[in-house]
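This report refers to the structure that appears directly beneath it.
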Amino acid sequence: DTEVTQTPKHLVMGMTNKKSLKCEQHMGHRAMYWYKQKAKKPPELMFVYSYEKLSINESVPSRFSPECPNSSLLNLHLHALQPEDSALYLCASSQEGGVGITQHFGDGTRLSIL
Amino acid sequence: AQTVTQSQPEMSVQEAETVTLSCTYDTSESDYYLFWYKQPPSRQMILVIRQEAYKQQNATENRFSVNFQKAAKSFSLKISDSQLGDAAMYFCAYRSFLIKAAGNKLTFGGGTRVLVKP
């Protein structure tokens with residue numbers, strides 16, 4: 001069982017739709033991450049939140065909008081996506097430092113853009 | 001910037017035998033963390049093993065062990081007594097020790113697919 005829960009598991013949307021991906025953890029972690037992963041490739045970091053504040057944005061297009069409403073929740077709002085945005089989106093969480101810096105990943109959301 | 005290289009796109013192993021996955025990295029830092037993650041077809045990235053660079057002793061986790069050669073910047077993973085459930089993509093990853101150095105970023109290698117033959 002994963003300690004980082006992502007919903008939905010699968011999402012199909014058109015290029016004009018607006019949808020959101022959700023990530024939740026209850027491990028008391030204060031750092032949360034969004035990754036994009038294409039088939040047979042490693043995950044690519046998109047955003048990092050530290051203590052509910054955006055600390056890293058890896059030059060992600062504005063059609064992806066992250067939100068961290070509280071320390072347990074992380075959302076990724078999607079709008080006007082392109083077919084090349086079809087991928088597996090992974091959420092992860094970790095402590096900020098010390099022995100707890102290992103990132104724990106969710107199962108991911110498989111996103112398909114029509 | 002740090003880079004992580006996994007030179008073996010795919011490795012095949014007979015059930016119950018041993019396989020070793022290679023990983024090399026490039027960094028100018030003296031303190032850092034190294035990880036091996038496993039990603040089965042179920043998609044979840046699962047931590048296999050972690051090594052702190054300041055520790056000389058190689059990390060071990062049940063059937064998984066690493067050979068950490070700091071001077072050579074090498075971090076290989078040995079899977080002993082391979083099981084069918086070990087079939088997955090394996091990613092090597094690097095993280096700076098200091099958050100200010102590179103934030104909370106993991107740098108991943110390209111991955112090695114492990115096939116286990118019954």
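In this text the structure is predicted, and so the values were computed from the model without any measurement. Within every chain, numbering begins at 1; the chains are lettered A, B, ... in the order of the sequence lines, protein sequences first and strands thereafter.
- A/Tyr33 is not listed as a side-chain neighbour of B/Leu106, based on a closest heavy-atom distance of 4.5 Å or more.
- Nearest heavy-atom pair, B/Phe91 versus A/Gln37, reported as atom, atom and distance to 0.1 Å: CZ-NE2, 3.8 Å.
- Of residues 74-90 of chain A, those residues with a non-hydrogen atom less than 4.5 Å from any non-hydrogen atom of chain B are, in numerical order, A/Leu88, A/Leu90.
- Between A/Lys40 and B/Arg113 there is a side-chain heavy-atom pair separated by less than 4.5 Å.
- Residue A/Phe64 is grouped with residue A/Met13 when hydrophobic side chains (ILVMFWY) are merged at heavy-atom distances under 4.5 angstrom, including chains of intermediate members.
- For A/Met27, the CE atom counts as densely surrounded, since its 6.0 Å shell holds more than 12 non-hydrogen atoms of other residues, nucleotides or ligands.
- Closest approach of B/Gly109 to A/Pro42, counting heavy atoms only: O-CB, 3.3 Å.
- Within the 4.5 angstrom heavy-atom criterion, no atom of A/Glu44 approaches chain B.
- Linking ILVMFWY side-chain heavy atoms closer than 4.5 Å, directly or via other members, places B/Met89 and B/Val114 in two distinct hydrophobic clusters.
- Cluster annotation: B/Val48 is connected to B/Val66 through the hydrophobic network of ILVMFWY side chains, with a link wherever side-chain heavy atoms come within less than 4.5 Å.
- Both B/Tyr37 and A/Val48 are part of a single hydrophobic cluster, where members link through side-chain heavy atoms under 4.5 Å apart.
- Put simply, the side chain of B/Arg43 reaches to within 4.5 Å of the side chain of A/Lys9, judged on heavy atoms.
- With rounding to the nearest 0.5 angstrom, the CZ atom of A/Phe105 is 8.5 Å from the CD atom of B/Gln39.
- Heavy atoms closer than 4.5 Å to chain A are found nowhere in B/Gln6, neither backbone nor side chain.
- Hydrophobic cluster membership differs between B/Met11 and B/Phe108, with clusters built from Ile, Leu, Val, Met, Phe, Trp and Tyr side chains linked at under 4.5 angstrom.
- Legend: residues meeting salt bridge (Lys or Arg N to Asp or Glu O under 4.0 Å) with A/Glu58, ordered by chain and number and at least two apart, are B/Lys105.
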